[in-house]
There are 2 protein chains.
Amino acid sequence: MSDVARVAGVSLVTVSRAINEPDKVAPDTLAAVRAAVEQLGYVPNLTAGSLASNRSRIVAAIVPTISNLVFSETIEALAQTLADGGYQLLLGQSGYRAGDEATLVDTFLGRRVDGLVLTGNAQSPALRAKLKRAGVPVVQTWDLPTPPNAPIDMLVGFSNLEAGKAAAQHLIDRGHRALAFIGAEEDRSRLRLEGFRAVAAAHGIGDVQSELIRPPALIDDAGPRLAQILARRPDVTAVFCNNDLLAAGVLFECVQRGWQVPGRIAVLGFGDLAVARAASPRLSTVLIRRAEMGEHAGQMLLARLSGQSTGADLIDIGFEVVTRAST
Amino acid sequence: MSDVARVAGVSLVTVSRAINEPDKVAPDTLAAVRAAVEQLGYVPNLTAGSLASNRSRIVAAIVPTISNLVFSETIEALAQTLADGGYQLLLGQSGYRAGDEATLVDTFLGRRVDGLVLTGNAQSPALRAKLKRAGVPVVQTWDLPTPPNAPIDMLVGFSNLEAGKAAAQHLIDRGHRALAFIGAEEDRSRLRLEGFRAVAAAHGIGDVQSELIRPPALIDDAGPRLAQILARRPDVTAVFCNNDLLAAGVLFECVQRGWQVPGRIAVLGFGDLAVARAASPRLSTVLIRRAEMGEHAGQMLLARLSGQSTGADLIDIGFEVVTRAST
DNA sequence: GTGAAAGCGCTAACAC
DNA sequence: GTGTTAGCGCTTTCAC
């Protein structure tokens, strides 16, 4: 930077300003600095800038895994929104392990990230306390506060419990009473199952067969799990899959068996991934606005970081049961 | 840090050492420092550390999009490998735009990342030059050097051209002569098409129908594109899809039409995603070791960063045509 | 095994 | 509009 200053015939600060606040510099000076930057191939050291300004322009996000379209689409939108606001995304994967999440948070705090995006709101009391003490803006995603857990700071999500309830209601409305659930061994999936079971019970349906796959729950788990459910209870007529990809796997399994969907068995998905619109039959599903969630998370952070208080610190983006041909 | 030093009754350097090189500190001193850290809730500022040591312990990766299972699984493995080596991953998405890639590289260089992972090897001469000048370790992925492009530094990939050739050969071996291709408007997809066409031509097949989808190529594009191909050439008997998800879309389209696969039309996928093993019929596909690619990229960087020269700076991980039931 | 001194490359605050 | 001064919180080097 001092080389640039010397070549341009100005001081260090002026170079700094020419780069960071160009309109506070005279046009001629600006041109001279830019020429020098170009000539020398100068690349400003953002690390030094971060240290001096106490702002890193980095936001970190922690997801269970990026290899799940459901999360990757949220992250994609988040990264895009942040990039447009001049922030970079540092990515952490917890692998659904709470311990790893805590470790990641430590590292990220050490890097003095300007904001943090978390998945879910089941963080441990210790972690919540640490985050509050650190004073970093935090956005939790993919869930609403599930009592007794209050939001750590900001939040954008939907009720997984209610989504599970709506799924059950959708199937029961269509006359199904022998219900099954295929999901993952994971907080949000369990909440949906809880809601699913609650509504079933309210309709006098006590026996809801369920299969919980240890993450990652891949599409090729779906067929075998359906088979296991049917082995226990051959008369099942409707299955709620916690992910459209799993639902597609179930559809393929039905093709294999020569079963009609929804004639022999109805299939309800979750997410409204592109596969739901491409499947045959078209998949009924619980639509989640994943990209919108990432965008909201990014915008909440940007608003906070630019000193504006948005007011809306808790957004329920809801969900929607989309009825297509599979139920 | 000076608070910790005071409480522990040692100097700043000792605190630094206790944290970064614990075995170079006497056990008692170490215990005292750790107690002080704990008591004060001290979180070391890694930004300051980076500035002083000139190592950020951050590696950046640029992919076209994270919302494509093909890339996200590579990134997942990369992030995991790096994390195990004490490095974090900074993520950039180029959206398949070369300009965005260059901008991202600038920012990452500004952050003094310790390494860079790029997708493909079609970077512009200007970008290649800049990276070489910067002296950062770079790993290119997902391709072999396509002349005249030499590797920038290290590389792990496979030949997309050869993969396309193998795909054509696979279909031709099974008696197909009316071939079609569904892919994306994107470098690697185009290379595969080129190889596909070359082998077809060598067998006297001049008319290969193709549909190139503007990214992101989603599964729900597959059906309509297949329809367009068939509108132009109804007698097509085999289609090579550049992604297993697209292939699954084609399978669903065939279910819709009541067509037998491979009886009426054979379908060959790409990637060997989980969906290939779950589809009905099971999908023949070109297997790419995506996770392995991410792991290799991470290990090459770690080796370089730890001062070891691995020797192997160019890895061809190859591909494999997996024959299942759809061809 | 531990410490004192000297930066790393920038920006904040204030002066002019 | 531009410059001077004083750090940001660590690590490095070299003594001891």
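Everything numeric in this text was worked out from a predicted model, so none of it was measured. Naming convention: chains lettered A, B, ... in sequence-line order (proteins, then strands); numbering from 1 in each chain.
Side-chain atoms of A/Val25 lie closest to D/dT2 of the nucleotides C/dG9, D/dT2, D/dC10. Listed nucleotides D/dT2, C/dG3, C/dG1 differ in distance to A/Ala26; the shortest reach to its side chain belongs to D/dT2.
For B/Asp23 and C/dT2, the CG to C1' distance is 15 Å, given to the nearest whole Å. Residue A/Arg112 contributes atom CZ, which lies 8 Å from atom P of D/dG9 at whole-angstrom precision. In this structure, the CZ atom of B/Arg111 is 13 Å from the P atom of C/dC10, given to the nearest Å. One can place CG of B/Leu51 at 4 Å from C1' of C/dC8, the figure rounded to the nearest angstrom. Taking atom CG on B/Asn45 and atom C1' on D/dG9, their separation rounds to 6 Å, with Å as the unit. Regarding A/Ile19, its CD1 atom lies at a distance of 14 Å from the P atom of D/dT2, rounded to whole Å. If you take CG of A/Asp28 and C1' of D/dG1, they are 12 Å apart, rounded to a whole angstrom.
Residue B/Thr29 is in sugar-phosphate contact alone, with no base atom involved, counting any heavy-atom pair closer than 4.0 Å across all strands shown. Using a 4.0 Å heavy-atom distance criterion, A/Asn54 is classed as making no nucleic acid contact.
Side-chain contact between B/Leu78 and B/Thr141 is absent, with no heavy atoms from C-beta onward closer than 4.5 Å. With a 4.5 Å cut-off on side-chain heavy atoms, B/Val113 and B/Val59 do not count as touching. By the 4.5 Å heavy-atom criterion applied to side chains, A/Val10 and A/Val15 are counted as neighbours. In this structure, A/Pro151 and A/Asp313 have side chains that are not in contact, with every pair of non-hydrogen atoms separated by 4.5 Å or more. Contact of the A/Leu155 side chain with the A/Leu144 side chain is registered, since non-hydrogen atoms from C-beta on lie closer than 4.5 Å.
Residues from residues 35-43 of chain B that place a heavy atom under 4.0 Å from any atom of DNA chain C: there are none.
Rounding to the nearest 0.5 angstrom, the gap separating the CG atom in A/Leu131 from the CG atom in A/Leu118 is 6.5 Å.
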- line: The contact string for nucleotides 11-16 of chain C, one letter per nucleotide 5' to 3', using protein heavy atoms under 4.0 Å with B, S and - for base, sugar-phosphate only and none, comes out as BBB---
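Among all heavy-atom pairs drawn from B/Gln93 and B/Leu104, the shortest one is O-CD1, 3.6 Å.
Among B/Glu73, B/Glu76, B/Arg290, the one residue that satisfies the side-chain hydrogen bond (donor to acceptor under 3.5 Å, both in side chains) test with A/Ser67 is B/Glu76.
Sparse packing is recorded around CG of A/Asn54, with 12 or fewer heavy atoms of other residues, nucleotides or ligands lying under 6.0 Å away.
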field: Residues A/Ser11, A/Thr14; criterion side-chain hydrogen bond (donor to acceptor under 3.5 Å, both in side chains); working and verdict
entry: CA-CA 5 Å; A/Ser11 72; A/Thr14 304; 3.3 Å; yes
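For A/Glu295 and A/Gln80, the side-chain atoms include no donor-acceptor pair closer than 3.5 Å.
Residue A/Thr14 places no side-chain N or O under 4.0 Å from the OP1 or OP2 atom of D/dT2.
Put simply, the side chain of B/Thr81 gets close to the backbone of B/Ala77: a donor and an acceptor are under 3.5 Å apart.
Each end of the helix from C/dG1-D/dC16 to C/dC16-D/dG1 gets its own rotation axis from five pairs of C1' atoms, and the angle between them is 20° to the nearest 10 degrees.
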